[in-house]
Amino acid sequence: MPQLSYAKYGKDNVRLYKVDKNEKTGVHTVIEQTVCTLLEGDIETSYTKADNGPVVATDTQKQTIYILAKQNPIDPPERFAAILGDHFVKKYPHIHAAHVKIIQHRWTRMTIDGKPHPHSFYRDGEEIRVIESVTRENKGVEIRSKIEKLLVLKSTGSAFYGFHRDEFTRLPETWDRILSTEVEAGWKWKTFNNLDELAAVDFNGAYEKARAITMKTFAEDDSASVQATMYKMCELILAAVPLVEEVDYALPNKHYFEIDLSWYKGLKNTGKDATVFAPQSDPNGLIFCTVSRNPKAKL
Ligand SMILES: O=c1[nH]c(=O)c2[nH]c(=O)[nH]c2[nH]1
C-alpha cells in the first residue's frame with residue numbers, strides 16, 4: 001500500500017517591493033525580493049482524501065507575505081524570513097514547519113554629479129542575496145544566508161600544479177592562469193530559539209563581511225587551486241562572524257583556453273605571450289566545500 005511519505009506546499013515567486021520614504025531628508029530606500037513559502041504539518045488528508053480543510057491556501061500565504069511586509073521591516077531579509085515562518089507555525093496549530101526562501105535583488109543607488117541620488121537606483125549585475133529558513137514549531141528557526149551569481153575573474157595570481165598524474169592525465173601544470181568563477185557562498189547561523197533572539201543580529205553586516213572576504217581573498221590569494229582558495233574564504237568568514245556555525249562554497253571553474261596562433265605568420269600567443277584566449281562555456285570544473293566551526297563528522 002503506497003503511503004504519503006513527505007509533503008509540503010506553498011507559494012513560490014511572490015514578487016515584493018517595499019519603499020521607505022524618509023520624510024525629513026526625502027531619501028527613499030527600496031528593497032525588492034522574490035519570496036517562497038512552503039508549509040508542512042498535518043496536511044496528509046488534503047493529498048490522500050481530497051480534504052481541503054487543512055489547506056492554508058497558497059493564495060492566503062501570498063496575502064500573508066504582503067500584509068507582514070507592510071507591518072514589519074523586510075530588511076534584513078533573514079529577519080523577515082523568520083517573521084514569516086514564526087507567523088505560519090503560530091497562527092495555524094496544524095502547521096508544524098514553515099520553509100521560507102527570499103531572493104533579494106540588487107537596487108544600487110545612482111550617483112549623479114558625484115552625489116547619491118535620493119530616489120534613483122540601478123541593477124549592478126545579476127548577483128543575488130538568498131535566504132533559506134526553516135521555522136519548526138517550538139524548535140526555533142534555522143537560517144542559511146547566501147550570495148549567488150557573483151561573477152569574478154582574475155587575470156593572474158592563480159596556479160595549478162602538482163596534481164595527481166596517471167595515464168588519463170592530459171592537463172599540463174600551470175604556474176600562471178586565468179581564474180574565473182560564479183560565486184555561490186553560504187553561511188549557516190546558529191539556531192535561533194525565537195524572534196527576540198535574532199532581533200539584534202547584524203545580518204546585513206555579516207553579508208557585507210562575507211562578500212568583502214570573498215572578493216579580497218579571491219583578489220589577493222596567490223591561488224594554488226580553487227579548493228585551497230575557497231577554504232581560506234570559509235575560515236575567514238567563520239572568524240569574522242561568531243554566530244555562524246558553517247560556511248560553504250560552490251565554485252565552478254570557468255576555463256579560459258590558450259589559442260595557438262603560430263600557424264599565422266608565427267604569431268606568439270602561448271605561455272607568457274598569451275593575451276588572446278577562448279572563454280569556455282562548458283564543461284567546467286565544479287568544486288564544493290563546507291567548513292564547520294565545530295566539526296562533528298569527518299569527510
Ligand atoms: O583549481 C583547480 N582545481 C581542480 O581540481 C582542477 N582540476 C582541473 O582540471 N583544473 C583544476 N583547477
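Order of appearance sets the numbers: ligands from 1, and atoms from 1 within every ligand. Residue numbers start at 1 and run along the sequence shown.
- Annotation: cation-pi geometry not satisfied between Arg144 and Trp189 (NZ/CZ under 6.0 angstrom from ring centroid, within 45° of ring axis).
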(Q) As a quick check of understanding, evaluate ring-ring contact (aromatic ring centres under 6.0 Å, His included) for Trp107 and Tyr122, giving each step before the final call. (A) CA-CA 5 Å; Trp107 283 126; Tyr122 68 106; 8.7 Å; no

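- For a heavy-atom separation below 4.0 Å, the residues in contact with ligand 1 are Phe160, Leu171, Arg177, Ser225, Val226, Gln227, Asn253, Ile287.
- Under the 3.5 Å distance criterion, with hydrogens and angles disregarded, a donor-acceptor pair is assigned to the side chains of Tyr6 and Glu40.
- Atom CD of Gln280 is surrounded by more than 12 heavy atoms from other residues, nucleotides or ligands within 6.0 Å.
- Residues Ser46 and Asn52 bring no donor and acceptor atom of their side chains to less than 3.5 Å of each other.
- Of the options Lys188, Lys101, Arg129, a salt bridge (Lys or Arg N to Asp or Glu O under 4.0 Å) to Glu78 is made by Arg129 and by none of the others.
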